[in-house]
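To start, the structure itself, in C-alpha cells.
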Amino acid sequence: MEAASGYPLGRALSCALRPASSRCSGSLALGGGCRAVAEVRVLVINTGGTIGMVKEDKGLAPEANKLVKALKKMPMLHDDEYVKEKKNSDFCEFPDDTLVLPLSKQNKRIVYTIHELVPLLDSSNMTAHDWAKIAMELEKYYEQYDGFVILHGTDTMAYTASALSFMCENLGKTIVLTGSQVPIYELRNDGRANLLGALLFAGQFVIPEVCLYFYHKLYRGNRVTKVDAGSFNAFSSPNLPPLANAEVDITINWETVWRANTKKKFKVHTQMNGNVGLLRIFPGINAAAVKAFLQPPMEGIVLETYGTGNAPNNREDLLEELRKATEREVVILNCTQCLRGSVTSDYETGQTLTATGVISGGDMTPEAALAKLSYILSKSHISWEQKKKMLSENLRGEMTVVPTGAKICLADSKFIQVIAKSLNVSCKEELEAIRDALTPSLACAAAKTGDTDALKAIEEMGGNLSCQDYDGRTPLHIASSEGNVQIVDYLLKHGATVHAKDRFGATPLMYAVKFRHEEVIKLLRKSGAHLSSQELKNIGTELCSLAAKDDVYGLYVWYLTGANMEQTGYDGRTPLQIAEIRGHVALLDFFKKKYKEENEQS
Ligand code: ASN
C-alpha cells in the first residue's frame with residue numbers, strides 16, 4: 001500500500017530540501033521549533049571523582065549540587081547568551097539547568113544536561129551496584145540524547161569503563177567516561193579540558209563504544225588502565241592505539257572503532273556476577289592461600305601471570321589447586337602482569353598452566369578480563385562450555401583476535417591501484433587516503449544500486465560502511481530512501497549506525513518515513529532507530545496536515561516510527577480531532593485500531 005507521491009514531507013525534510021537562503025538564519029529548522037540543525041544533546045551523568053571535589057578537613061571529597069553552578073561561570077563550557085536568546089524565542093523551552101557549549105569548529109551546538117547520582121562518590125568506593133545505576137540511567141535516557149558523558153573518579157575508571165562496555169548491549173551511541181586529576185574548581189586543573197573534549201566527542205561523532213577521554217586522547221574504555229597517579233596523562237591503552245587524538249585537529253581512527261554488527265536494540269545488562277576476583281602470582285606464592293581464594297562462592301578468577309602467561313611448572317602443589325578449581329568449573333582466565341603484550345603458548349611453563357584448564361585472556365587488561373568474567377558468569381541461561389567459548393571471543397573489542405584466513409587488503413583492489421598509479425601514488429598512507437576519499441561515494445552508490453558485492457569489497461578493503469558523504473549521508477541513509485530492505489539489513493549487520501545524522505539533521509529513519517518505506521522503518525526500529533525527542537515533539541502540525549488530507553498511510557508510517565499521534569498541531573487540535581471534524585471514516589477507523597492494539601499490548 002505504497003502511497004502516491006506529492007505528500008508534503010516531514011517539516012525537517014521539507015526545510016532540508018529548501019535552498020539554503022530560505023532557511024532560518026543559516027540553520028535548519030526541525031519540526032515546528034527553532035532548533036538549529038547543528039544542535040545536539042548530550043547527557044552528562046556525574047558519579048563523583050576528583051573533577052567535582054573540594055578540599056575538606058579530611059581531604060578531597062565530592063560536593064553535591066556545585067558543578068552546574070560552577071560550569072555556568074566558565075565561558076568555555078557554557079554560552080549563557082545563547083541560552084538567553086533561545087529562552088526569548090517563542091518555541092523553545094530550555095530548562096534552567098541546561099548548559100550549552102560555544103559553537104564548535106564543526107559548527108555544532110552541544111546542549112548538555114547534568115544528572116548527579118546520589119551520593120557522589122570517590123571512585124574507590126564504587127561497586128557493581130554503582131555500575132548498574134549508571135547503566136540504568138543510560139537505558140532510561142538513551143533515546144532522548146545523542147551522546148553520553150560519565151564523570152567519574154580516575155582510580156577505578158578503567159574498571160567501570162570495562163564493565164559498562166559489556167553491560168551496554170548493542171550500543172549505537174557514543175559514551176565517554178572522563179574525570180580529572182585536579183578539581184575543576186582549582187586554578188590549574190585538567191577537568192575543564194577533559195570535560196570539554198568528552199562533550200565534543202559525545203556530541204559530534206557516532207563512535208558506538210564505551211570510551212574514555214583523558215589528556216587529549218579518546219581510548220576504548222575496556223583497553224585502558226590507570227598508569228600514573230601524579231600526571232595529567234594518567235591513562236594508557238597499552239595494546240590498542242587511541243580511537244582518536246584531540247590535538248590541533250581532532251583525528252579519529254575510524255578503522256579501529258568497534259562496531260557491534262548487530263541489528264538488535266540497545267539494552268543494558270545489570271546483573272553482574274560478584275563471585276569473581278583477581279589473583280596476582282609472585283615468586284613463592286603460597287598454595288594454601290591460592291586454595292582459600294578459589295573456594296566457593298568464587299566462580300571465576302583472573303590469574304595475573306608472568307610475561308606471556310607463564311607460571312611455575314615446578315610447583316605441583318600450586319598446579320594441583322588450579323586443576324581442582326577448574327574441575328569444579330571455576331573459570332580461571334590467564335592475563336599477563338606486563339603492561340603490554342599478550343598471553344601466548346611460547347613457553348613450557350605457560351603450556352603446563354594451560355593444561356590445568358586455565359583459559360587464555362589474550363591481551364586483555366586485568367580490568368577488562370574481570371569485567372568480562374563477571375558479565376559472562378552472570379548469564380545463567382548459557383552452558384559452562386558456551387561461557388568458556390565466549391571468554392575467548394572478542395565481544396566488545398576488548399582483546400585482539402587474529403583473524404584466520406586470507407584477507408583482501410587495500411593493495412589488492414584493482415580499482416584503487418589504477419587510480420593510485422595515475423596519481424603516482426605508492427605509499428600505504430596515500431593509498432589509504434584515496435580509499436577514504438572514495439569510500440563514501442562508492443558505498444553510497446552501491447547502496448543506491450543495491451550492490452551487496454560492492455559493499456562487501458569496500459568492507460574488505462578496510463572501508464567503513466558508516467562513512468558519510470559530503471552531505472553527511474551514509475549508505476544507510478541512501479538504502480533507507482531507496483526502500484531496499486536487503487541492503488538496509490546487510491548494512492545493519494555490518495556495523496552501520498542507525499543514529500547517523502546528515503547535514504540536515506535527518507537520520508536514515510527520517511528518510512524511510514519521507515519515502516514511506518514501511519518495511520525499512522520496521523527494520524530500522526528493530527535495530528534501535530528512533531527520531532530524536534526534539535523531532536518527535538514537533539511533528540504535530542505535520543500529522544494534522546496528513547489527517548486533514550485523509551492520508552491514512554502517511555499517518556501510519558509516522559506511527560511506525562514511534563511518534564506520539566496525539567500531538568497537537570499549531571491550532572491545538574490533534575489529528576484525531578481533525579479526522580472527526582472532517583468525517584474521515586477510514587482515518588477514524590485507523591485511530592480506533594491503533595488504540596485497540598495499544599490497549600492489547602499494555
Ligand atoms: N580518588 C579519586 C577518585 O577516583 C581520584 C581522581 O578522580 N583523580 O575518585
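As the structure lists them, so they are numbered: ligands from 1, and atoms in each ligand from 1.
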Selection from Leu60, Asp190, Thr50 by shortest heavy-atom distance to atom 6 (C) of ligand 1 |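 Minimum heavy-atom distance to atom 6 (C) of ligand 1 goes to Thr50.
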
Electrostatic pair [X]-[Y], nearest N-O below 4.0 angstrom:
{"X": "Lys389", "Y": "Glu393", "answer": "yes"}
{"X": "Asp155", "Y": "Lys226", "answer": "yes"}
{"X": "Lys372", "Y": "Glu398", "answer": "yes"}

Ligand 1-proximal atoms of Ser180, by part, heavy-atom distance under 4.0 Å |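 The backbone, only.
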
Which heavy atom of the protein is the closest neighbour of atom 1 (N) of ligand 1, given with residue, atom name and distance?
->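 Closest protein heavy atom to atom 1 (N) of ligand 1: Asp155 OD2, 2.8 Å.
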
Shortest protein heavy-atom distance from atom 4 (O) of ligand 1, along with the residue and atom involved =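 Of every protein heavy atom, Ser123 OG, 2.5 Å lies nearest to atom 4 (O) of ligand 1.
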
Criterion side-chain contact (heavy atoms from CB on, under 4.5 Å) on Phe266 and Glu169, from CA distance to verdict | CA-CA 6 Å; Phe266 174 72; Glu169 297 179 346; over 6 Å; no

Relative to the heavy atoms of [X], which atoms of ligand 1 are at a distance of less than 4.0 Å?
{"X": "Gly49", "answer": "9 (O)"}
{"X": "Gly153", "answer": "3 (C), 4 (O), 7 (O), 9 (O)"}
{"X": "Asp122", "answer": "1 (N), 2 (C), 3 (C), 4 (O), 9 (O)"}

Which is it for His269 and Phe166 under the ring pair (Phe, Tyr, Trp, His ring centres under 6.0 Å) test, yes or no, and what are the steps along the way?
-> CA-CA 8 Å; His269 176 90; Phe166 295 106; over 10 Å; no

N/O separation below 3.5 Å, [X] to ligand 1:
{"X": "Thr154", "result": "yes"}
{"X": "Thr156", "result": "no"}
{"X": "Ser124", "result": "no"}

Please determine, by modelled atom types, if Asn233 and Ser231 share a side-chain donor-acceptor pair under 3.5 angstrom.
->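 Absent: no donor and acceptor within the cut-off.
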
Pair listing, side chain to side chain donor-acceptor pair (under 3.5 Å) test, anchored in residues 272-287, at least two apart = Asn273-Glu299, Asn275-Glu299

